[in-house]
Amino acid sequence: MTQLKNDTFLRALLREPVDYTPVWMMRQAGRYLPEYRATRTRAGSFMDLCMNPELACEVTLQPLERFPLDAAILFSDILTIPDAMGLGLYFAEGEGPHFDTPVRTEADVARIAVPDPEVELRYVMDAVSLIRRELKGRVPLIGFSGSPWTLATYMVEGGGSKTYAHTKAMMYDRPQLLHALLTKVADAVAVYLNAQIARGAQAVMVFDTWGGALTPAKYQEFSLAYMQRVVAGLTREAEGRRVPAVLFTKNGGQWLDRMADTGCDALGVDWTTDLADARRMVKDRVALQGNLDPCVLYASPERIREEVAAVLASFGHGSGHVFNLGHGITPDVDPDHAGAMVAAVHELSPAYHRGG
C-alpha cells in the first residue's frame, strides 16, 4: 500500500494535533457534479455504476480532481448488503430504492444469511482496492455502511418510508423478531466493513439515517445497541495504524453522549446541534465531524465563508474536528459553492490549531 501523503483526516479523527481542520463532504461524489452525471449516463443506471469497479473508482476520484479535499469516500450504496442477502434491490425512476421481497416474518428472517463480501459483494471489494491504488496515497479512503437499524427499515418496509409502519409495528408487537433481524444485519455490517478495511479502507463510517425517528428508549435498544455490536466487531488496526470508526445518526444530537460510549473514535453531527454543545456532551472521548447545513451551499460564496467561520468557532480550538456538512450535499448545488466551502475551511481553520 502506498504511504499516505496527507493523513490530517485520520489524525483529526484520533484527536491528534493537526495544522488545520480537514474537510470532506458526505455524498461528495454525486449528482451535483456534471462529470458524475456524465459517468452515470455512460454506466446506464445507478446500480450499474455501483457494480462497475472502474466506474465507481472514477466517480470516487472526481471530487478530488476539483477540490483539495482531505479524504475520499468509496462510491457505493448503503443497500448493497440487503441486496446481497437476496432481497432483489431495484430503483424505480423518481421513487428511490425498492426490494422485491421484504422481510416481515420469522421465515423471512431465517432465510437471510450474512453475505460473504468477497463473493456476493465482490464488486464493492474490487472497487475499494482499485480506488486505494489510484489514490496513490493522496488522501485516506473512507469505507462505509448503513447502520443495522437503517438497513432493517428498508428491508422490512420494502423501500423508503415516512412512517416506518411495518418496522415499528414489528418493533412494538414482535420485538424479538426485529432483534433477530438486527443481529444478522449487524454481523453482516461488521463483516462488510472489515472486508473493506482488508482491501484498503483507512477509516470506516456507519450511517444511521433513520435512527432519529425513534424514541430515546427505542433508539438505545434497536439502533445504538447494534451499532455498538458493529464497533465491537471491527478491525481497529491495519497497515500499522489505527482504523478510526465514525458513527452518524441523523437527528441524533440528543444522544451523542451515549453514542460516545460505544467505543467509536468519532461522531458525525448534523446541523441541528451546535458543535460547542456537542463537544461539551462528549467531552474528550471522541472527535466530532460536521456540521454545516447543506443548504448554506445555495448562498453566495461570501455567506458560505461566514457560515464556515461560525462552525469553526463553534467547535473552537484544538484537534478533534473534521469539517463536513450536516448531511449529504444536495444535487442542485453549484460545484463552485462547494469549492468555496473547502477553501474557507483550509484558509480559516489554522488559527484554531496554532500551538497544538
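Scope of the values below: all heavy atoms of this structure, side chains included, with no hydrogens, waters or symmetry mates.
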Judged by modelled atom types alone, do [X] and [Y] share a side-chain donor-acceptor pair under 3.5 Å?
X	Y	value
T330	Y298	yes
Q62	T39	yes
W255	Q220	no
S223	D208	yes
T105	D108	yes

Which residue, R236, R285, R15, forms the salt bridge (Lys or Arg N to Asp or Glu O under 4.0 Å) with D265?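 One option only clears the test, and that one is R236.
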Close side-chain approach of [X] and [Y], heavy atoms under 4.5 Å:
X	Y	result
T150	Y154	yes
R242	E16	no
D332	R31	no

Looking at E239 and R132, does any basic side-chain N land under 4.0 Å from a carboxylate oxygen?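 Result for this pair is yes, salt bridge flagged.
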One thing to verify: whether D48 and R40 come together as a salt bridge, which I'm taking to mean a side-chain N less than 4.0 angstrom from a carboxylate O.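 No.
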K5, NZ: over 12 other non-hydrogen atoms inside 6.0 angstrom: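 More than 12 within 6.0 Å, yes.
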Are F144 and V191 joined in one hydrophobic group, where the rule is that I, L, V, M, F, W and Y side chains link up if heavy atoms are under 4.5 Å apart?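 Looking at the clustering, V191 is in a separate group from F144.
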